[in-house]
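To find a chain, count down the sequence lines: A is the first, B the second, and so on, and within it residues start at 1.
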Number of protein chains: 2
Amino acid sequence: MAADDSAETGTQQIRDAIRDAIVERRLSPGTKLSESDVGNLFNVSRTLARAALQALSYEGLVSVEKNRGAFVAYPSPEEARQIFAARRLVEPGILREAATRITPTDIRHLKQLLLEEGRLIGERGQTARRAEIKASGDFHLALAVISGNAIMQRFMDELVARSSLVIALYGQSTVSSCGHSEHGDIVTAIENKDLDEACRLMLHHIAHIEADLDLRQRKNLGLKEALKR
Amino acid sequence: MAADDSAETGTQQIRDAIRDAIVERRLSPGTKLSESDVGNLFNVSRTLARAALQALSYEGLVSVEKNRGAFVAYPSPEEARQIFAARRLVEPGILREAATRITPTDIRHLKQLLLEEGRLIGERGQTARRAEIKASGDFHLALAVISGNAIMQRFMDELVARSSLVIALYGQSTVSSCGHSEHGDIVTAIENKDLDEACRLMLHHIAHIEADLDLRQRKNLGLKEALKR
DNA sequence: GACGCCTAGATTGTATACGATTTTTTGCTT
DNA sequence: AAGCAAAAAATCGTATACAATCTAGGCGTC
């Protein structure tokens, strides 16, 4: 079956590379992404660089400002709230759908992810930390995949990626891994066919992540969009 | 506050025009949208036309095939199912959120929409029918706006637009308006602060639309993507 | 010394140009 | 007349070119 011939190889590749960099927080919110720089970096013309940046702006990961250029998105506290509100709204539903379709293979795969996640938490260093961030999101994404709904899957892709930005900006505890065991609990609940409990745990988990945020308005930000560079 | 300076005027305009044409079904699924034609039609270069088509492909309204061009999306039965599954998943949540934030002004606005919708149903002619299709979707969109979550709002934009395509392809009853009174019932339930009832009605309403579809696989479609033109 | 204006450089917005791929047409063969 | 092959036309993919806009630094005036 035709999986994905949507985007022209070049653009897709750049888009994915930049997105990974944003999600893994190698690129900080507010960083300027000039079309020429991106193009040179990937040895393509501005045309493709621009297309990639446009694509990322549709996902909410970069914001392009007319005649000023593209920047890694700098979500406002209000945006952050909406992102997590959206997750609270959709993730229980996705979880329910996934639970009805889940196979033993899927469960094994989920546990594999959990194991990997746990391993990374133990390790030291920037690289491990970044991989851990990605792994944490991958768990939620995996549930969306299992749900079998490509549309919800793409939506979750966007939400998880944007969440990473929000946590980078407003997260307090240096370790975002506090919720790792909660992932395991959710899987257990699914195994026990206790959907209500699984949903409850999921909502609790999301609330837990959100509770670690400090969403108070940044100092005198906003009078000139502050430190946009 | 800065509302929307996201897209360069030209592209945005083209994108909206084509999207409206698709949603109002002036453009049939599968119609080829060549970059040159679009560009000439709007008196801009292929560059902008291409950007607009790319944007629409991110919304799932057009599908671009490498080296072949862009076509008005032709959702498969499976895609159709997923679109409505997504709506069943998110619309109750949006409704609940909207109900807690709704103001008397909002309610008046909703009733205004209902009135307009009813008026169009009475009228004859293609134009009225098209306006009616749009109005029907606008009701669901209005709820998303009231919910105050820009992210869910954009998601609903996409879902409603894609639903229009699905109905164009698989809808059986010539009138899609069968569900008009159901909109009114939902508003009434909201006014009565009966959220559970409102959600029940919403799910019923979505199921009602879906029931009017004939999602059996089209004849021998798929061996060559069939009538792509 | 501070403020404002003005010019120079850099960056984005849009159009055009050229090579690559696909589709259609043409014309030959069977 | 039907089928196939090669050439012609159309269309897409990408790069480059030029115009418009923004940013920064310098100069002059107050």
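Rounded to whole angstrom, the span from the CD1 atom of I14(B) across to the P atom of dG13(C) amounts to 15 Å. Q54(B) has its CD atom 8 Å from the P atom of dG13(D), to the nearest Å. Protein atom CG of N40(B) is 11 Å distant from nucleotide atom P of dA15(C), rounded to whole Å. Atom CZ of F42(A) is separated from atom P of dT14(D) by 15 Å (rounded to the nearest Å). When rounded to the nearest whole Å, the span between CD of E65(A) and C1' of dG13(C) equals 15 Å. Spacing between atom CD of E35(A) and atom P of dT14(D) amounts to 16 Å, rounded to whole angstrom units. Following rounding to the nearest Å, L53(A) (CG) and dT11(C) (P) show an atom-to-atom distance of 14 Å. Residue K32(B) contributes atom NZ, which lies 13 Å from atom C1' of dT24(C) at whole-angstrom precision.
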Table of protein N/O atoms under 3.5 Å from nucleotides 18-22 of chain D N/O atoms:
unit_1	atom_1	unit_2	atom_2	d
dT21(D)	O3'	N67(A)	ND2	3.4

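Looking only at distances, a side-chain donor or acceptor of S164(B) sits under 3.5 Å from a matching main-chain atom of V23(B).
Both N43(A) and D37(B) lie close to DNA chain D; mapped to their nearest nucleotides by heavy-atom distance, the more 5′-ward contact belongs to D37(B). Both A70(A) and T47(A) sit near DNA chain C, but only A70(A) has its closest nucleotide nearer the 5' end.
Residue pairs that meet the ring pair (Phe, Tyr, Trp, His ring centres under 6.0 Å) test with at least one member in residues 16-46 of chain B, sequence neighbours left out, do not exist here. Residue pairs meeting the salt bridge (charged side-chain N to carboxylate O under 4.0 Å, His left out) criterion with at least one partner in residues 143-155 of chain A, sequence neighbours excluded, are R154(A)-E158(B).
Every residue two or more places apart in sequence or in another chain that forms a side chain to side chain contact (heavy atoms under 4.5 Å, CB included) with R81(A) is listed here: P77(A), E78(A), L215(A). Scanning for side chain to side chain contact (heavy atoms under 4.5 Å, CB included) contacts around A150(A) gives Q82(B), with sequence neighbours left out. Every residue meeting the side chain to side chain contact (heavy atoms under 4.5 Å, CB included) condition with I209(B), not counting sequence neighbours, appears here in chain and number order: F84(B), I167(B), H205(B).
The side chain of R50(B) lies closest to dG13(D), out of dT12(C), dG13(D), dA15(C).
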Before giving the answer on side-chain hydrogen bond (donor to acceptor under 3.5 Å, both in side chains), spell out for S147(A) and R101(A) the whole-Å C-alpha distance, their side-chain angles and the decisive distance to 0.1 Å. CA-CA 7 Å; S147(A) 82; R101(A) 298 171 155 263; over 6 Å; no
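The side chain of S45(A) contributes an N or O atom lying less than 4.0 Å from OP1 or OP2 of dA15(D).
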